[in-house]
Amino acid sequence: MNARMPGTSEYSTPSDREIRVVRAFSAPRKLVYEAMSNPKHVPKWMTGPEGVTMPVCEMDVRAGGKWRFVYRMANGQEMTLQGSYREIVPLERMVSTESWGPEWPETVNTMELAESQGVTTMTLTVLYPSKEARDAALGSGMKEGMDRGFARLDTLLPSFA
């Protein structure tokens, strides 16, 4: 795999039901995997817009394990995101389900990490149950929220070593 330029995300729609996000980080794969799989690190960067916190981060990172994040908005409102892990290949691949509640359909997320020349490239493919669900997600501000989290992760990665 060719090394990508860290600091920017590429979003694409490889099918009518998928969104693919490719992002490179200036860090070894081991450190990026640790940042994405350790409940001690995730609440520090995966919070979306400013003022949002993650007071609950539960992760049982193994096939069949569950995960649950509770986000708290600046106004005190909370939202829960949860799912389960289907496949874990440490340092390389995570396949999990994700649900924001009854008003949003469950997705299957496949995250793969590859390292080249000290740069780790994450490829995240999110599979929706329909094109309409995928398009609703694209229109929800998801890109902006994810990019804020990835930018936070860029700055925090050295502190996770």
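Any value given below was found using the heavy atoms of this structure, including those in side chains, with hydrogens, waters and symmetry copies removed.
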Margin query: So does Val95 get a backbone contact from the side chain of Arg86, meaning a donor-acceptor N/O pair under 3.5 Å?
Written below: no
Note to self: According to side chain to side chain donor-acceptor pair (under 3.5 Å), who are the partners of Ser84, at least two apart in sequence or on a separate chain?
What the structure shows: Thr97
Margin query: I need the minimum non-hydrogen distance between Asp60 and Tyr85, along with the two atoms involved.
Written below: O-CD1, 3.1 Å
Checklist line | Shortest non-hydrogen separation from Pro55 to Glu78 and the atoms involved | finding: CG-OE2, 4.4 Å
Check: Does the Arg23 side chain pair with the main chain of Leu124, one donor and one acceptor, at a distance under 3.5 Å?
Finding: no
Note to self: Between Met94 and Tyr33, is the side-chain contact (heavy atoms from CB on, under 4.5 Å) condition met? List the steps.
What the structure shows: CA-CA 10 Å; Met94 283 185 176; Tyr33 182 82; 3.9 Å; yes
Next item on the list: Check the pair Val70 / Arg72 against side-chain contact (heavy atoms from CB on, under 4.5 Å), numbers first and verdict last.
Entry: CA-CA 7 Å; Val70 176; Arg72 184 171 296 144; 5.9 Å; no
Next item on the list: Ignoring hydrogens and angles, state whether a donor on the side chain of Thr120 or Arg29 is under 3.5 Å from an acceptor on the partner side chain.
Entry: no
Check: Is there a path of hydrophobic side-chain contacts, each under 4.5 Å between heavy atoms of I, L, V, M, F, W or Y residues, that connects Val89 with Met122?
Finding: no
Check: Which value, rounded to the nearest 0.5 Å, describes the distance between Arg134 atom CZ and Met142 atom CE?
Finding: 10.5 Å
Note to self: Assess the residue pair Asp147 and Lys143 against the criterion (salt bridge (charged side-chain N to carboxylate O under 4.0 Å, His left out)); give the C-alpha distance rounded to whole Å, side-chain angles, the decisive distance to 0.1 Å, and a yes or no.
What the structure shows: CA-CA 6 Å; Asp147 281 343; Lys143 289 181 186 178; over 6 Å; no
Next item on the list: With sequence neighbours left out, write down each residue that passes ring-ring contact (aromatic ring centres under 6.0 Å, His included) with Tyr128, or none if nothing qualifies.
Entry: none
Note to self: Check the orientation of Phe69 and Trp67. Use parallel for under 30°, tilted for 30 to 60°, and perpendicular for over 60°.
What the structure shows: tilted
Checklist line | Heavy-atom pair of closest approach, residues Ala137 and Ile19 | finding: CB-CD1, 4.4 Å
Check: Does any N or O in the side chain of Thr107 come within less than 3.5 Å of the main-chain N or O of Asn109, such that one atom is a donor and the other an acceptor?
Finding: no
Check: Met54 and Trp45: side-chain contact (heavy atoms from CB on, under 4.5 Å), yes or no, with the steps?
Finding: CA-CA 9 Å; Met54 184 188 294; Trp45 67 271; over 6 Å; no
Note to self: Rounded to the nearest 0.5 Å, what separates atom CZ in Arg152 from atom NZ in Lys44?
What the structure shows: 13.5 Å
Checklist line | Shortest non-hydrogen separation from Val42 to Ala35 and the atoms involved | finding: CG2-O, 3.4 Å
Notebook entry, point to check: Say you draw a straight line from OG1 of Thr47 to CE of Met73; how long is it, rounded to the nearest 0.5 Å?
Noted result: 10.0 Å
Next item on the list: Check ring-ring contact (aromatic ring centres under 6.0 Å, His included) between Phe160 and all other residues, then give those that pass, not counting sequence neighbours.
Entry: His41
Note to self: Any heavy-atom pair between the side chains of Leu81 and Met79 that's under 4.5 Å?
What the structure shows: no
Check: So how far is it from Ser37 OG to Leu91 CG, rounded to the nearest 0.5 Å?
Finding: 8.0 Å
Margin query: Same cluster or not: Val22 versus Met36, using hydrophobic residues (I, L, V, M, F, W, Y) connected whenever any side-chain heavy atoms lie under 4.5 Å apart?
Written below: no
Next item on the list: Taking only Lys NZ, Arg NE, NH1 and NH2, and the carboxylate oxygens of Asp or Glu, determine whether Glu34 and Lys40 approach each other closer than 4.0 Å.
Entry: no
Check: Which atoms form the tightest heavy-atom contact between Asn38 and Met59, and what is the distance?
Finding: C-SD, 4.1 Å
Margin query: Using a 3.5 Å distance criterion without hydrogens, assess whether the side chain of Ser99 forms a donor-acceptor pair with backbone atoms of Gly101.
Written below: yes
Next item on the list: Given side-chain contact (heavy atoms from CB on, under 4.5 Å), test Met146 with Ser9 step by step and report yes or no.
Entry: CA-CA 9 Å; Met146 291 179 77; Ser9 304; over 6 Å; no
Check: Under 30°, 30 to 60°, or over 60°: which ring-plane class applies to Phe150 and Phe25, parallel, tilted or perpendicular?
Finding: perpendicular
